[in-house]
Amino acid sequence: MEKGLISVDQWTQGSQAYFLTHLHSDHTKGLTSSWARGPLFCSRLTAKLFPLKFPGLNLSLLRVLDTGSWHSISLISPSSREKTVVQVMAIDAHHCPGSIMLLFRGEFGCLLYTGDFRWETDGERAKIARNTLLKALKDDAVDILYLDNTYCNPKYEFPCREFAAQQVADIIASHPSHDIIIGIDTLGKEELLLHISRLLNIKIWVWPERLQTMQLLGFHDIFTTKTSLTRVRAVPRYSFSIDTLEELNTIRPTIGIMPSGLPWLVKPLKGNDKLFGSLLTSYNRSKNGAKGGIETDKMNDNLGVERFHKYVYTVPYSDHSCFMEIQEFIKLVQPVKVRGIVSSSSCYVDPLYYFGRLCKANPPSRGLHNSEERKSLGKRVIAVQTNCYVRSGNATEAGRKRGRTLKVNFLGVNASKTNALRRIQRGAKIVPSE
DNA sequence: GCGATCAGCT
DNA sequence: CACAGCTGATCGC
């Protein structure tokens, strides 16, 4: 693709059209409420959610891409200065509400940008997704696949989300008199919460801004901000820690559930690195078939649920594709080239290392573990301008968020105390005060 | 005072 | 390790 034409999930100057795959912060880094660099294409749901994340944004710049149909965009070719047409189709990425993959056709060829995506292979929804993709690709060979390679390593295996959601529901049902906290982000994992709510006939507490999101998504009477109405609370992931759970257990029996494709998200108590180290070792051992030191919950033996700590379970509920699903996706797309869009992971490997043989004309490449090589990969990708981002995890909207922070502090307590206290105020608090 | 950026943390 | 995110400090305007 030529420089100066379009950008995906990248917000620096110099493009004529900008595309957003979904509203997670690591994809909107550089985008602000004062956006004015050009038209911004996204899904209908993302457009609906935009004002929550970017209050004051000029909505007339938004262009809705309905999924499953081609949209033509007239632009100027940066090289010839002549008019050129870019066609784009949005395809549901099944990552979080509003998330899409983007399929482009133009003078640059045919490109497929997955954004973050989950490509489940079983079930009715998977069949629909598969047929949709095949239909979209029927006239084209994909020249370059820009791939969500978050879990592009055979060590990542996890079940479909419906299965993992049932595991979470089972854990909750087996702790009938415990309070439950579940760590989630600002968007995503809604279906997990719906499953729990439906199955256990229980409302779920969320923090006030998350309730707004839920209402925009069309969920009514399921979520609440009143702590007295339920024992199940979904709290911001950053407020979920073993420290928080220790604190909560001084008030009331509480367990935490962390739904994640990664098994090591919860940090141990400060100064307890030995415990953490042994847990990781045990996790790796148990993955290899031997029983490690982790207490594996009896009802979920060997199914990915780990009792990480006396108060914490991790459940393999992931909004990214596991290795096998990535493999199936590449088999289906059969791209000429593949480029990973996530390069910050320390276990980063060029997708071609695993999947070169599945592509149209590629020898297997060697792994890319070296950080210098990783950097050059990133640069190469930026040079061709279908912007792969580097997951740096830094929120540039910190200032904007800062302005809203106090509203989240629903107990009305000044937040500048200890971290543990802050975490409690931000969602894990039991004491009702409404 | 504000936005942008970074370090530190979860 | 790091799915995505918050917070405080600092700097230039």
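Throughout, a chain's letter reflects where its sequence line sits, starting with A, and its residues are numbered from 1. Values below: all heavy atoms of this structure, side chains included; hydrogens, waters and symmetry mates excluded.
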Run A:His175 and A:Tyr313 through ring-ring contact (aromatic ring centres under 6.0 Å, His included) and show every step you take. CA-CA 12 Å; A:His175 293 78; A:Tyr313 292 82; 5.6 Å; yes
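- In this structure, of C:dG5, C:dC3, C:dC6, it is C:dG5 that holds the atom nearest to the side chain of A:Lys53.
- A:Asp319 places its CG atom 11 Å from the P atom of C:dG5, with the value rounded to the nearest Å.
- Atom C1' of nucleotide B:dT10 and atom NE2 of A:His309 are separated by 15 Å, given to the nearest angstrom.
- The backbone N or O of A:Gly56 lies less than 3.5 Å from no partner atom in the side chain of A:Ser33, so there is not a single donor-acceptor pair.
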Distance-only donor-acceptor pairs under 3.5 Å for side chains of residues 89-99 of chain A, two or more places apart:
unit_1, atom_1, unit_2, atom_2, d
A:Asp92, OD1, A:His94, N, 2.9
A:His94, ND1, A:Arg125, NH2, 3.2
A:His95, ND1, A:Asp319, O, 2.7
A:His95, NE2, A:His24, ND1, 3.3
A:Ser99, OG, A:His95, N, 3.0
A:Ser99, OG, A:Cys96, N, 3.1
A:Ser99, OG, A:Cys96, O, 2.9

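- Between the side chains of A:Glu162 and A:His195, not a single donor N or O lies within less than 3.5 Å of an accepting N or O.
- Going from atom CG of A:Asn153 over to atom P of C:dC1 covers 16 Å, rounded to whole Å.
- The phosphate of C:dG5 has OP1 or OP2 within less than 4.0 Å of a side-chain N or O from A:Thr186.
- Across all strands, A:Ser34 comes closer than 4.0 Å to no nucleic acid atom at all (heavy-atom distances).
- Rounded to a whole Å, the OH atom of A:Tyr151 is 9 Å from the C1' atom of C:dA2.
- A:Asp26 places its CG atom 8 Å from the P atom of C:dC3, with the value rounded to the nearest Å.
- A distance of about 16 Å separates the P atoms of C:dC1 and B:dA7, rounded to the whole Å.
- Counting non-hydrogen atoms under 4.0 angstrom, A:Asp185 reaches the backbone sugars and phosphates but no base.
- For A:Arg130, the CZ atom is loosely surrounded, since the number of other residues' heavy atoms within 6.0 Å does not exceed 12.
- For the pair A:Leu31 CG and B:dA4 P, the computed distance is 11 Å after rounding to whole Å.
- Relative to the side chain of A:Ser241, the nucleotides B:dA4, B:dT10, C:dC3 differ in distance, and B:dT10 lies closest.
- What separates CZ of A:Arg237 from P of C:dC6 is a distance of 11 Å, to the nearest Å.
- Here C:dC3 presents its P atom at 18 Å from CG of A:Leu23, a figure rounded to the nearest Å.
- At C:dG5, one or more side-chain N or O atoms of A:Ser25 fall inside 4.0 Å of OP1 or OP2 (strictly under the cut-off).
- Of all nucleotides listed (C:dG5, C:dC6, B:dA4), C:dG5 comes nearest to the side chain of A:His24.
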